[in-house]
2 protein chains.
Amino acid sequence: MLNHVDFNRHMTDIEYRLETREVRGELAQLQHRMKESKLPVIVLFEGWDSSGKGSMIASMIQTLDPRFFKVYNTKDPTPEEQRYPFLWRHWRRTPERGQMAIFDESWYPEVSRARLENNLSVDEAYSRMESINTFERELSQDGYLIIKFFLHISAKEQAHRQEKLMRDKNTRWRVTERDQYRNKHYKEYYRVYDEMLEKTNTVFAPWHVISAQERRSAMNEIYQVIVQSIRSALDEKKVIIPSEYHAQMHTFHLVKKPLLEDVPLYRSIDEDVYRNLLHKEQKKLAKLHNIVYRKRIPVIVAYEGWDAAGKGGNIKRLTAALDPRGYEVVPIASPTPTEKAHNHLWRFWQHFPEDGHITVFDRTWYGRVMVERLEGFCTEEEWKRAYQEINELEYELQKWGAILIKFWLHIDSDEQLRRFKERQETPEKQWKITDEDWRNREKWDQYETAVNDMIRLTSTEYAPWTIVESQDKKFGRIKAIQTLNDAIEARI
Amino acid sequence: MLNHVDFNRHMTDIEYRLETREVRGELAQLQHRMKESKLPVIVLFEGWDSSGKGSMIASMIQTLDPRFFKVYNTKDPTPEEQRYPFLWRHWRRTPERGQMAIFDESWYPEVSRARLENNLSVDEAYSRMESINTFERELSQDGYLIIKFFLHISAKEQAHRQEKLMRDKNTRWRVTERDQYRNKHYKEYYRVYDEMLEKTNTVFAPWHVISAQERRSAMNEIYQVIVQSIRSALDEKKVIIPSEYHAQMHTFHLVKKPLLEDVPLYRSIDEDVYRNLLHKEQKKLAKLHNIVYRKRIPVIVAYEGWDAAGKGGNIKRLTAALDPRGYEVVPIASPTPTEKAHNHLWRFWQHFPEDGHITVFDRTWYGRVMVERLEGFCTEEEWKRAYQEINELEYELQKWGAILIKFWLHIDSDEQLRRFKERQETPEKQWKITDEDWRNREKWDQYETAVNDMIRLTSTEYAPWTIVESQDKKFGRIKAIQTLNDAIEARI
């Protein structure tokens, strides 16, 4: 794409002022419409060193109200950040609806420069670009507007600008040895940038490659693109996905699982067998935890299940074996206003473990296709889309190397009733039972349908559901911890 | 304090079970009362390597509901974290009201081990301990319960435990060369730990030094302390500060400032003078920004002022000169539920700049002594206490090396009315004016009293208020940017 850029444009100051006065005024107006119609906007600037990203962002934001945008300056991932999935730190910085996030470099250096500087393999680079396309598609399907700029300058111009900065001791720090190295190897960088642009130029988030040889014409073009993009996003709202695109979307091989009604619930074990097995499995898990830590394998254990199915007690027995330095239990409540203002998966990205650690989710990202679906907390279009989004999320975690275990703790309706009553009668258990539990119980059949859909549509080969029969809690606890142990052993 | 510890206690398994059964049951109950009465609890474990912190925390949390607590494992600060005030990362992890935060090591290694391992000077160590005492006092005055354990073992016992871990290849990673070094230099560590315990053993957060030679008796003592502390905190709630303590509290030298009514507002400048000055000062600031970056000086600019005094426009002119890579504007709205659930200063700790960067706060931590005071969003006791808390906060930032500028943008009541009306009549400005603005305006006199108190009580030598006459916006903008330039020049 780089070769199509016209380096010979030029604008005089007066032309620039006249051209941009109107568009800047409109941008100032649009930010309020953005706010009102809750349009989230991501504007990212990539490009060559000293192509002027920083200073162009600086003058652009002068037309904006600081309450409406935030500028992020992305550096190379720190050693800590490298212990998370590559998109982790970027997901966390996606803006709230009605806000604009401006990125001075974003996720793209990690699929371009990284190939020449951190010897990122071609396969790894392609795999990351696929992740990026999915990431950007999911956001735009969710109503995000993504505007991507690449500022292009020639090797000669870059060298010239670096020399200029070097002359002043107060700007010298901006030109590192690495910058000079990059200028010397301009051709190689050109190749990786060009390929990156080709492979990530999607209908959802097309690239705008801008000639930055001359500042004014570049700024003018940037203003035009931003204003046009925001305007049309505000007018049409929904992103139309060309049908041929669906063909290109990743399809997942699903594993067959039984319907809940076909799951036998009579299994149970005696107290003493339980004690011995539990002790044995916990000791085993404690050992495996050390190995997982040493081998830096991330482990994610997701708990879902009927109210009163015994999630809490089950989790407790599992974590009893673990060193608190190496695991965390994340209880998921209904989303806060801030969480609601983001994509529904955003809040879970906050909690994934660093490699070598275990995170246990007490309720998960499946809320969307269960409670949110049934209570109408999201649109039908949203929860239907969520199965694909969730499979893609878990695919991302699996690519990263995570062991992902998903438990559905299953009991039947009578057993739930028995436990609800018991809770109400035992004073120290009353806090555990709420009116909501009773309301949900009335919708048992609808939930059963939703859960069957969920298990059917998200039991991928790499992250199948495990139905944990919990009519007998003891049996359920042993099965859960054994399932985890087996999964870890299979990996190491 | 370490020499008072009795190393010869021992408990048999049966004794342990009987002793702790009851107390563990009570702890399980207390967590619900904690939740209901919104008591925030910090439990921190310090002590020697292999004194058993991790495993004791592991068994302790088995009695707790994962929704009520979070375990934090504190490592040495990363290079990124070192670019912030030393308490920054710790402030951010203080729990919500009703929650328990359990720290497997906390802020204390940075005043003890750091002296032997990161050649932290004595003065620096003492200064940090002073900061810690203030930090813990402020939290407990705010209703936080802080329980501090130090697990003590002998050099011999430590060596013995390390050898044991070394024998198994899966636990070997836990014993680093540094751990072995520490065992060899046990005596030196003993001295720094002992001094740390002496100097940070306060009425608000006393130390509990526990013999960890034998696990059961240690665990039992830990349970007893935790349960007693939580119980009494729930019963009395308020922390009583011994009057003699006030004498020890840091007192601040205040700079005299005029009352608002005595501030002349007639000053103004012509358009062309303004243009020239603005251009000159912005160029200067741009240069200074580079130096600040190079010298890694953190800069915090706090904007407060009457509604419609022109904060937005003033900030815009100031930031126009800055490279977005090096600054951020943080607009402060009314606190979110999560923010309300923490100490009122918590949300501001999220936003302080890393060194070499500039953060501009559009409204600040002074909300408590203005709007929150007048609207009754906090108790009288709370806003009266806030002046000291805020001076201590800013003292902390100054110790860290920050340049701290505080602007009060001042106009008179008639001018505000004029601007309100203008906003209402100009369509593209209407979003700027709300009913709340009109309500606040009715309380002009009360606000004036509050602002005068604020300026009088928080104009410390290191962070005095600058009253910016903004009747003429142009004058105000030049004064603000010149004040910042002068402050930076005075420092470099």
Side-chain angles (χ1 to χ4, degrees), chain A residues 25 28-29 32 35-36 53-55 57-71 73 78-80 102 104 168-174 287-291 293-294 312 315-317 319-331 333 336-338 360 362 428 431-432, chain B residues 25 28-29 32 35-36 53-55 57-71 73 78-80 102 104 168-174 287-291 293-294 312 315-317 319-331 333 336-338 360 362 428 431-432:
Chain A
Q29 294 304 316
H32 303 303
K35 189 85 183 164
E36 285 147 25
K53 293 189 286 296
S55 78
I57 291 173
S59 39
M60 192 195 92
I61 59 183
Q62 286 310 309
T63 38
L64 299 171
D65 179 326
R67 279 163 293 189
F68 289 168
F69 71 88
K70 185 153 172 26
V71 177
N73 169 23
T78 64
E80 291 69 35
I102 301 164
D104 181 349
D168 176 346
K169 80 169 198 310
N170 289 323
T171 55
R172 197 171 297 146
W173 57 268
R174 290 206 188 160
K287 272 209 173 53
L288 293 172
H289 191 200
N290 284 323
I291 301 172
Y293 186 101
R294 248 188 332 114
I315 291 172
K316 210 170 249 186
R317 302 314 184 286
T319 53
L322 305 174
D323 179 336
R325 275 167 281 212
Y327 86 90
E328 183 179 10
V329 176
V330 178
T336 65
T338 315
V360 177
D362 181 353
E428 64 274 24
W431 64 274
K432 280 182 159 190
Chain B
Q29 294 304 316
H32 303 303
K35 188 86 184 163
E36 286 148 23
K53 293 189 286 295
S55 78
I57 292 174
S59 41
M60 191 195 94
I61 60 183
Q62 287 311 308
T63 39
L64 300 171
D65 180 325
R67 278 162 297 188
F68 289 168
F69 71 88
K70 185 153 172 26
V71 177
N73 169 23
T78 64
E80 291 68 35
I102 301 165
D104 181 347
D168 177 345
K169 83 168 194 312
N170 289 323
T171 56
R172 196 171 299 147
W173 58 267
R174 289 203 188 165
K287 274 211 174 53
L288 292 172
H289 192 199
N290 284 323
I291 301 173
Y293 186 100
R294 239 182 346 108
I315 291 171
K316 208 170 255 187
R317 302 314 183 289
T319 54
L322 304 173
D323 178 337
R325 275 167 280 211
Y327 86 89
E328 183 179 11
V329 175
V330 179
T336 65
T338 315
V360 177
D362 181 354
E428 64 273 26
W431 63 274
K432 279 182 158 188

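Any value given below was found using the heavy atoms of this structure, including those in side chains, with hydrogens, waters and symmetry copies removed. Protein chains get the first letters and strands the later ones, always in sequence-line order, with residue 1 at the start of each.
Looking at every heavy atom in both residues, A:L322 comes nearest to B:A58 through O-CB, 3.9 Å. Annotation for A:P331 and B:R67: closest pair CB-CG, 3.3 Å, computed over non-hydrogen atoms. The two residues A:P66 and B:V329 make their nearest non-hydrogen contact at CB-CG1, 3.4 Å. Closest of all the heavy-atom pairs between B:R325 and A:N73 is CG-ND2, 3.5 Å.
Contact annotation for B:Q62: both backbone and side-chain heavy atoms come within less than 4.5 Å of a heavy atom of chain A. The contact between A:L64 and chain B is made entirely by backbone atoms, counting heavy-atom distances below 4.5 Å. Neither the backbone nor the side chain of B:F69 has a heavy atom closer than 4.5 Å to any heavy atom of chain A. Both the backbone and the side chain of A:K169 come within less than 4.5 Å of a heavy atom in chain B. In this structure, no portion of B:S59 lies under 4.5 Å from any heavy atom of chain A.
The residue among A:K70, A:H289, A:E36, A:R172 with the most heavy atom pairs within less than 4.5 Å of chain B is A:K70. The most heavy-atom pairs under 4.5 Å with chain A, out of B:V360, B:V71, B:D323, come from B:D323. Of the listed residues (B:P337, B:A320, B:A321, B:G326), the greatest number of heavy-atom pairs within a distance under 4.5 Å of chain A belongs to B:A320.
Environment of NZ in B:K316: crowded, with over 12 heavy atoms of neighbouring residues, nucleotides or ligands closer than 6.0 Å.
A search for side chain to side chain contact (heavy atoms under 4.5 Å, CB included) contacts involving A:R317 returns A:Y274, A:L278, A:Q282, A:R477, not counting sequence neighbours. A search for ring-ring contact (aromatic ring centres under 6.0 Å, His included) contacts involving B:Y293 returns A:W173, B:H357, not counting sequence neighbours.
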